[in-house]
2 protein chains.
Amino acid sequence: MTTTLAELVQRRPSRADARRNYDSLIAAARQSFAEMGTEAPLEEIARRADVGIATLYRNFPTREALVESVYLEEVQAVCNAAGEVDHLEPWEALLAWLRRFVTYVGTKRVLVEGLNRDSNTFKACRLGLYEAGAPLLSRAQAAGLVRPDVAIDDVVRLVAGIAGIGSTTEEQRDRILGIALDGLKRAA
Amino acid sequence: MTTTLAELVQRRPSRADARRNYDSLIAAARQSFAEMGTEAPLEEIARRADVGIATLYRNFPTREALVESVYLEEVQAVCNAAGEVDHLEPWEALLAWLRRFVTYVGTKRVLVEGLNRDSNTFKACRLGLYEAGAPLLSRAQAAGLVRPDVAIDDVVRLVAGIAGIGSTTEEQRDRILGIALDGLKRAA
DNA sequence: CATATAAGTGGAGGGTTCCTCCGTTTAGCG
DNA sequence: CGCTAAACGGAGGAACCCTCCACTTATATG
């Protein structure tokens with residue numbers, strides 16, 4: 001039984017000062033991960049948040065917990081993007097969301113590094129992505145534009161794999177995504 | 001001017017004992033990276049190789065250098081596999097090599113983690129993979145089975161992206177590879 | 001074979017990062 | 001206001017990285 005995105009609401013501290021510190025830590029972590037990857041020194045993150053190292057550990061017992069919290073926020077943004085393409089034609093809507101996904105992931109290092117992690121949180125995030133994209137895929141399949149034997153989880157994982165390609169150019173990534181998406185189309 | 005695979009022949013020590021230590025280090029690193037990823041502690045690798053930490057550093061000035069040496073060996077194996085499918089029909093040959101690639105990468109953690117690194121060595125390794133796979137792609141294109149607007153580097157990067165998908169099953173990876181490869185086929 | 005020497009050795013020590021302890025401080029409730 | 005649970009953070013120890021330097025050894029040469 002995998003938890004859903006909604007069930008991963010973070011338990012935030014009750015005291016006002018502690019809540020401020022929690023938010024500072026998340027902001028500092030997001031910035032540091034973006035600059036240095038998810039291996040950024042925790043003492044640096046605590047320094048940027050203007051808190052002591054023990055405060056960081058009290059809020060996030062492990063580095064993984066901190067990464068997950070930052071990751072959760074980013075995934076929410078991608079899931080929300082699915083609602084912004086509803087007005088497009090079925091294939092165009094699916095395409096737009098997947099391209100949005102790849103482009104967004106390309107600018108969020110914590111997303112690239114989180115796509116393949118194995119934990120309950122990351123599993124739940126993948127489920128959230130599946131749920132966000134499933135209506136778009138179904139619409140395109142109902143319109144006869146996408147082969148009916150393809151499931152949303154395969155699509156998301158395929159696109160995630162492409163999003164995770166490093167040391168490449170935007171142009172190449174677009175070409176590769178185009179090839180892959182051509183594989184989605186219904187056979188003529 | 002990117003160096004080729006052939007130009008990356010490692011300078012091995014001249015003394016017999018040092019050569020033995022070098023080989024021990026490579027073997028220990030391969031094993032440790034496979035178990036723990038490319039972040040395995042260097043002191044552990046030295047311990048497994050039965051050498052002191054300074055000996056490890058003398059042979060491999062940085063962790064990256066050690067990773068690259070192990071990676072080189074693994075890439076050679078993939079490139080060689082291209083010569084083992086020549087007897088197959090054009091499409092089957094390309095398919096077999098790409099599947100071999102994905103399967104092999106899936107069992108070699110250092111390969112997964114190296115596919116997207118950015119250094120001269122890794123670039124050269126990618127070139128090596130392109131060269132190995134190019135004849136197979138050309139044959140399939142000449143046979144009219146693969147769209148002519150696809151280049152080998154895009155194919156390798158696409159398949160590498162799929163190979164790098166973590167936290168998934170063999171079945172799912174096969175399905176995803178199938179979708180992507182369908183995108184390679186010549187439009188009907 | 002003996003010798004010289006360049007090649008090669010590794011543990012200690014210092015720096016960085018991770019993680020926990022525990023005395024101290026502070027927010028918020030009755 | 002007083003009390004106390006929540007929250008604070010720096011010190012210290014462990015793990016890992018990296019270099020120094022005294023010591024060892026393989027090998028070429030006479």
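Below, chains carry the letters A, B, ... as their sequence lines are ordered, and counting in each starts from 1. If you're wondering where the values come from, they're calculated on a predicted model, not measured in any experiment.
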Quick one: how far along DNA chain C does chain B reach, first to last nucleotide 5' to 3', anything under 4.0 Å to a heavy atom?
-> C/dA7 to C/dA12

May I ask you to check whether over 12 heavy atoms, not counting those of B/Glu84, lie within 6.0 Å of atom CD?
->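 More than 12 heavy atoms, drawn from other residues, nucleotides or ligands, come within 6.0 Å of this atom.
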
When you look at CG of B/Asp50, are more than 12 heavy atoms from neighbouring residues, nucleotides or ligands closer to it than 6.0 Å?
->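 Atom CG in B/Asp50 is not crowded, with 12 or fewer foreign heavy atoms closer than 6.0 Å.
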
Of A/Arg58 and A/Thr62, whose nearest nucleotide on DNA chain C comes first from the 5' end?
-> A/Thr62

Given DNA chain C, 5'-ward residue of the pair A/Arg15 and B/Glu43, judged by closest heavy atom | B/Glu43

What's the spacing between [X] [atom1] and [Y] [atom2] if we round to 0.5 Å?
| X | Y | atom1 | atom2 | result |
| --- | --- | --- | --- | --- |
| A/Arg175 | B/Asp154 | CZ | CG | 4.0 Å |
| A/Ile179 | B/Asp149 | CD1 | CG | 7.5 Å |
| A/Ser69 | A/Glu64 | OG | CD | 10.5 Å |
| B/Leu184 | B/Leu94 | CG | CG | 6.5 Å |
| A/Arg48 | A/Ser32 | CZ | OG | 3.5 Å |

Toward the 5' end of DNA chain D, by each residue's nearest nucleotide, A/Asp17 or A/Ile53 | A/Asp17

More 5' along DNA chain D: A/Ala54 or B/Ala54, using each one's nearest nucleotide?
->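 By nearest-heavy-atom nucleotide position, the 5'-most residue is A/Ala54.
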
With side chain to side chain contact (heavy atoms under 4.5 Å, CB included) as the test, would you mind laying out the steps for A/Arg99 and A/Leu177 before giving the verdict?
-> CA-CA 8 Å; A/Arg99 287 190 188 280; A/Leu177 183 60; 3.9 Å; yes

Residues from residues 30-40 of chain A sitting under 4.0 Å of DNA chain D, heavy atoms only?
-> none

A/Glu73/A/Ile26 under side chain to side chain contact (heavy atoms under 4.5 Å, CB included): CA gap, chis, key distance, verdict = CA-CA 10 Å; A/Glu73 292 201 343; A/Ile26 292 274; 4.0 Å; yes

Identify which one of A/Val85, A/Val105, A/Leu95 satisfies the side chain to side chain contact (heavy atoms under 4.5 Å, CB included) criterion when paired with A/Arg100.
->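 Considering A/Val85, A/Val105, A/Leu95, a side chain to side chain contact (heavy atoms under 4.5 Å, CB included) with A/Arg100 is found only for A/Val85.
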
Using salt bridge (charged side-chain N to carboxylate O under 4.0 Å, His left out) as the criterion, list what pairs up with A/Arg15, not counting sequence neighbours.
-> A/Asp17

A/Tyr71 and A/Phe33: CA distance, side-chain angles, deciding distance, ring-ring contact (aromatic ring centres under 6.0 Å, His included) verdict = CA-CA 10 Å; A/Tyr71 184 72; A/Phe33 291 158; over 10 Å; no

Got a sec, which residues hit side chain to side chain donor-acceptor pair (under 3.5 Å) with B/Arg63, two or more places apart in sequence or on another chain?
-> none

NA contact type, B/Leu42, heavy-atom cut-off 4.0 Å: base, sugar-phosphate, or nothing?
->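 Contact class for B/Leu42: sugar-phosphate only.
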
At what angle, to 10 degrees, do the two end axes of the helix from C/dC1-D/dG30 to C/dG30-D/dC1 meet, given five pairs define each axis?
->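 Its terminal axes enclose an angle near 10°.
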
Of all nucleotides in DNA chain D with an atom under 4.0 Å from a non-hydrogen atom of chain A, which is the first and which the last going 5' to 3'?
->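 Contact boundaries, 5' end first: D/dA6 to D/dA11.
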
